[in-house]
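Take a look at the structure set out below.
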There are 2 protein chains.
Amino acid sequence: MSDRDQVTIFDVAKTAGVSGSTVSRVVNGYEHIAPRTRAKVLAAMEELGYVADTRARSLAGGKTNVIGVLVDGMGSAFMTELLRGIDDAISSSGMDMMLCTTNSRVGKEVEYATKLANGMVDGLVVAIPSELSLYLSTLKDRSVPHVLIDIDNEDRDTSMVKVDNRSGARRMTEHLLGLGHRRISMITGNLDVESARERIVGFREAMADAGLVDTDELVVPGDFNRPSGYEAAVELLARPVPPTAIFASSDEMAFGVMRAAAERGMLVPEHLTVVGFDDVPESSWVQPALTTVRQPIQEIGRRAIGLLLDEIRSPGGGAVSLELKTSLVARASSGPPSDVGAMQRHTAPQS
Amino acid sequence: MSDRDQVTIFDVAKTAGVSGSTVSRVVNGYEHIAPRTRAKVLAAMEELGYVADTRARSLAGGKTNVIGVLVDGMGSAFMTELLRGIDDAISSSGMDMMLCTTNSRVGKEVEYATKLANGMVDGLVVAIPSELSLYLSTLKDRSVPHVLIDIDNEDRDTSMVKVDNRSGARRMTEHLLGLGHRRISMITGNLDVESARERIVGFREAMADAGLVDTDELVVPGDFNRPSGYEAAVELLARPVPPTAIFASSDEMAFGVMRAAAERGMLVPEHLTVVGFDDVPESSWVQPALTTVRQPIQEIGRRAIGLLLDEIRSPGGGAVSLELKTSLVARASSGPPSDVGAMQRHTAPQS
DNA sequence: CCCCTTCTTGCAAGCGATTGCAAACAGTGT
DNA sequence: ACACTGTTTGCAATCGCTTGCAAGAAGGGG
């Protein structure tokens with residue numbers, strides 16, 4: 001289709017009165033080129049409106065200047081933010097992005113990884129939380145530079161960037177404990193995801209440190225999405241002895257919790273403390289603003305691209321793992337426990 | 001990089017004991033192939049784990065099986081939804097997507113369009129609301145199939161899909177009028193965008209029909225994003241005679257308005273009616289749920305891809321324009337105006 | 001003024017796949 | 001058995017660009 005009247009390197013060569021190879025060298029910034037020749041070529045390129053054909057370029061051994069991004073889906077606010085960071089970094093590096101979504105279709109990841117590895121891209125960043133990292137071997141075999149995001153892989157041989165989920169969850173739990181809460185419930189993320197599990201660990205650790213060991217029934221399953229937060233909260237709030245604080249493993253789920261609370265006529269944080277994890281943009285907008293564990297989402301994306309570019313530009317640098325810090329953002333949705341449903345409150349009340 | 005030990009069509013050919021061309025034909029589902037040969041080739045492909053090299057394939061004249069998507073950015077909920085629809089349609093058609101964002105960088109659109117048109121993709125869907133459609137000529141010159149989304153272009157020669165913004169806005173305004181509102185304010189979208197302008201027209205028409213002609217100071221500028229809605233609302237609500245209803249040209253902005261109202265201690269819809277446009281998922285989640293004009297966002301994306309695929313598969317079908325219908329979704333954020341005295345007591349603080 | 005080194009630049013061989021053309025094969029009808 | 005039609009395959013040219021190799025040009029030292 002597009003092959004009609006395409007301006008090739010040879011057209012430029014002819015107008016500039018040089019050979020095709022010379023044009024190629026000019027285009028690729030080769031150094032040993034007479035200034036005058038370079039100028040002529042540049043002029044010809046300009047005149048003809050030459051644009052390199054990515055396909056041919058990469059087929060012949062050059063770079064594609066495209067970075068592949070493999071994600072599960074782009075529905076969540078977290079992913080949107082992550083993609084922003086990634087996109088930002090990619091485009092300011094002058095490269096282009098090829099986004100592929102697996103939409104949780106099993107096997108699609110491998111298919112994409114193979115296809116992309118087959119010359120479509122110079123490098124790949126993968127943000128699919130899945131244990132089945134079959135695609136990893138493909139990537140390695142073909143030695144395609146790649147970076148994993150938020151995926152825990154025993155294989156210390158792969159570059160990746162993640163955040164300190166465990167201590168983030170821990171700190172948040174301590175915050176809640178400090179406020180005087182004891183019956184703190186956690187709604188987990190999708191347990192297939194490593195970071196979801198780490199958050200649980202952080203939560204349990206903090207609880208245990210406070211002498212609260214029997215947390216089993218306080219930890220209820222969710223999947224990071226809003227509806228699951230809502231449903232979990234409906235169930236929790238309907239219990240004979242409901243929790244005074246709910247720690248959702250994602251802000252998205254926390255919004256679901258808030259809704260469930262509102263429907264029950266409960267005020268946040270007066271009757272129920274609700275906190276989340278992620279700090280997506282919406283969190284500072286909701287009413288009341290959400291107390292949450294902030295992870296530098298866009299930064300994660302930018303860092304991943306940074307690592308990838310390093311590897312692309314100078315291969316063989318070895319795998320690098322980055323763990324970014326999380327921080328607690330205390331806003332309006334958390335407060336001391338209400339004494340309304342007060343059972344034996346052997347807890348030190350705050351102000 | 002990736003060129004190490006790649007399985008080519010010739011490797012398959014050798015294992016199957018046939019020629020490369022035959023393998024190519026099998027891969028592309030050519031008909032005149034002896035069943036037995038086909039079987040042998042298929043077996044060899046399977047055995048070697050052959051994956052076609054997209055670059056080579058398209059260079060040689062085949063298709064890339066990649067659809068390019070050109071958008072401004074993916075931050076907004078609207079865009080997220082649109083991309084979902086697009087992604088959905090693309091992947092269920094077996095093709096892949098290449099997403100490029102211009103991030104409002106001037107000129108980037110043309111650069112991308114050219115590059116993509118240069119063989120990277122089989123077709124292109126563009127969703128950049130901009131008057132400057134310089135890229136259009138490139139697309140046409142190279143006869144790359146393309147579809148425009150939500151872009152109004154006089155050029156009846158380009159396929160596009162959009163929604164009926166005008167009557168949507170009109171109907172919403174009538175709804176507000178029907179509720180008894182008279183001082184209805186509209187916060188506009190980015191005026192560079194055609195659909196933003198159409199919504200204003202719909203609003204003005206309905207107001208005029210109700211005898212409300214002097215709407216100039218009721219229409220205030222926004223840019224579709226949340227903060228602009230917030231700011232506009234802050235200004236509106238501080239007026240000596242504030243509107244009783246605010247019609248935001250996007251749900252995003254409506255959320256901003258809700259926040260401004262909350263900060264002023266106003267209840268929605270008791271003291272202020274707030275409505276939006278789009279019906280993004282969040283709209284049914286907020287409290288109170290937002291009354292809005294629904295546009296089938298994902299559907300828009302799906303339709304656009306449908307049109308594009310048609311054109312790719314059988315070129316020359318001529319341009320097709322689709323205009324999808326909008327519909328009014330009445331939820332909790334709209335109600336009759338609060339009593340006239342409200343303004344006299346310059347928005348009294350609540351409880 | 002010649003020889004050697006350092007620049008510049010062109011030639012030509014790929015990269016992996018598609019495809020027009022034509023040769024090699026069948027299958028039929030007579 | 002022969003010409004004829006239609007099916008299967010392989011050959012080789014191409015797509016646009018990169019790059020190793022080597023030749024021509026330019027500059028320095030002896």
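Computation of the quantities below employed the complete heavy-atom set of this structure, encompassing side-chain atoms and omitting hydrogens, waters and symmetry-equivalent molecules. Letters go in sequence order (proteins before strands), and every chain restarts at 1.
Applying a 4.0 Å cut-off to non-hydrogen atoms, the residues of residues 19-33 of chain B that approach DNA chain C are B:Ser21, B:Ser24, B:Arg25, B:Asn28, listed by residue number. A heavy atom lying under 4.0 Å from DNA chain C marks the following residues of residues 36-51 of chain B, by number: B:Tyr50.
One finds a side-chain N or O of B:Arg57 lying less than 4.0 angstrom from the OP1 or OP2 phosphate oxygen of C:dT18. For B:Gln6, no side-chain nitrogen or oxygen approaches OP1 or OP2 of C:dC15 to under 4.0 Å.
If you measure from atom CZ of B:Arg55 to atom C1' of D:dG16, you get 13 Å, rounded to the nearest angstrom. Between the C1' atom of D:dG16 and the CG atom of B:Asn118 lies a distance of 10 Å, rounded to the nearest Å. Atom CD1 in A:Ile9 sits roughly 14 Å away from atom C1' in C:dC11 (whole-Å rounding). Atom-to-atom, CG of A:Asn65 to C1' of D:dC17 comes out at 14 Å; the value is rounded to the nearest Å. We find that CG of A:Asp53 is positioned 6 Å from C1' of D:dG16, with the value rounded to whole Å. Atom pair A:Phe10:CZ and D:dT14:C1' shows a separation of 12 Å (rounding to whole Å applied). Going from atom CE of A:Met120 over to atom C1' of C:dG16 covers 14 Å, rounded to whole Å.
In this structure, B:Ser195 has no side-chain hydrogen bond (donor to acceptor under 3.5 Å, both in side chains) partners at least two apart in sequence or on a different chain. The salt bridge (Lys or Arg N to Asp or Glu O under 4.0 Å) test applied to A:Lys14 returns no partner, not counting sequence neighbours. A:Arg303 pairs by the salt bridge (Lys or Arg N to Asp or Glu O under 4.0 Å) definition with A:Glu299, not counting sequence neighbours. B:Thr54 is linked by a side-chain hydrogen bond (donor to acceptor under 3.5 Å, both in side chains) to nothing, counting only residues two or more places apart in sequence or in another chain.
Under the salt bridge (Lys or Arg N to Asp or Glu O under 4.0 Å) criterion, no residue pair touches residues 305-314 of chain B, with sequence neighbours excluded. Residue pairs meeting the side-chain hydrogen bond (donor to acceptor under 3.5 Å, both in side chains) criterion with at least one partner in residues 35-52 of chain B, sequence neighbours excluded, are absent. Within the structure, side-chain hydrogen bond (donor to acceptor under 3.5 Å, both in side chains) pairs that include any residue of residues 86-100 of chain B comprise A:Thr101-B:Asp87, A:Asn103-B:Asp87, A:Arg105-B:Ser91, A:Tyr112-B:Asp96, A:Lys115-B:Asp96, B:Asp88-B:Arg302 (at least two apart or interchain). Within the structure, the salt bridge (Lys or Arg N to Asp or Glu O under 4.0 Å) test picks out the following pairs touching residues 64-82 of chain B (sequence neighbours left out): B:Glu81-B:Arg84.
Of all heavy-atom pairs spanning A:Gly301 and A:Ile86, the tightest one is CA-CG1, 3.6 Å. The heavy-atom pair separating A:Val144 from A:Asp122 by the smallest distance is CG1-O, 4.3 Å. The two residues B:Ile128 and B:Ile151 have their closest heavy-atom pair at O-CD1, 3.1 Å. Closest of all the heavy-atom pairs between B:Ala319 and B:Ser159 is CA-OG, 3.4 Å.
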(message) I'd like to know whether A:Arg57 forms a side-chain hydrogen bond (donor to acceptor under 3.5 Å, both in side chains) with A:Asn28, so could you lay out the CA-CA distance, the side-chain angles of the two residues, the decisive distance to 0.1 Å, and finally the verdict.
(response) CA-CA 10 Å; A:Arg57 192 214 286 277; A:Asn28 293 294; 3.0 Å; yes
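Under the 3.5 Å distance criterion, with hydrogens and angles disregarded, a donor-acceptor pair is assigned to the side chains of A:Thr22 and A:Ser19.
Taking the screw axis at each terminus of the helix from C:dC1-D:dG30 to C:dT30-D:dA1 from five consecutive base pairs, the angle between the two is 50° to within rounding of 10 degrees.
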Show the distances under 3.5 angstrom between N or O atoms of the protein and N or O atoms of nucleotides 23-27 of chain D.
none

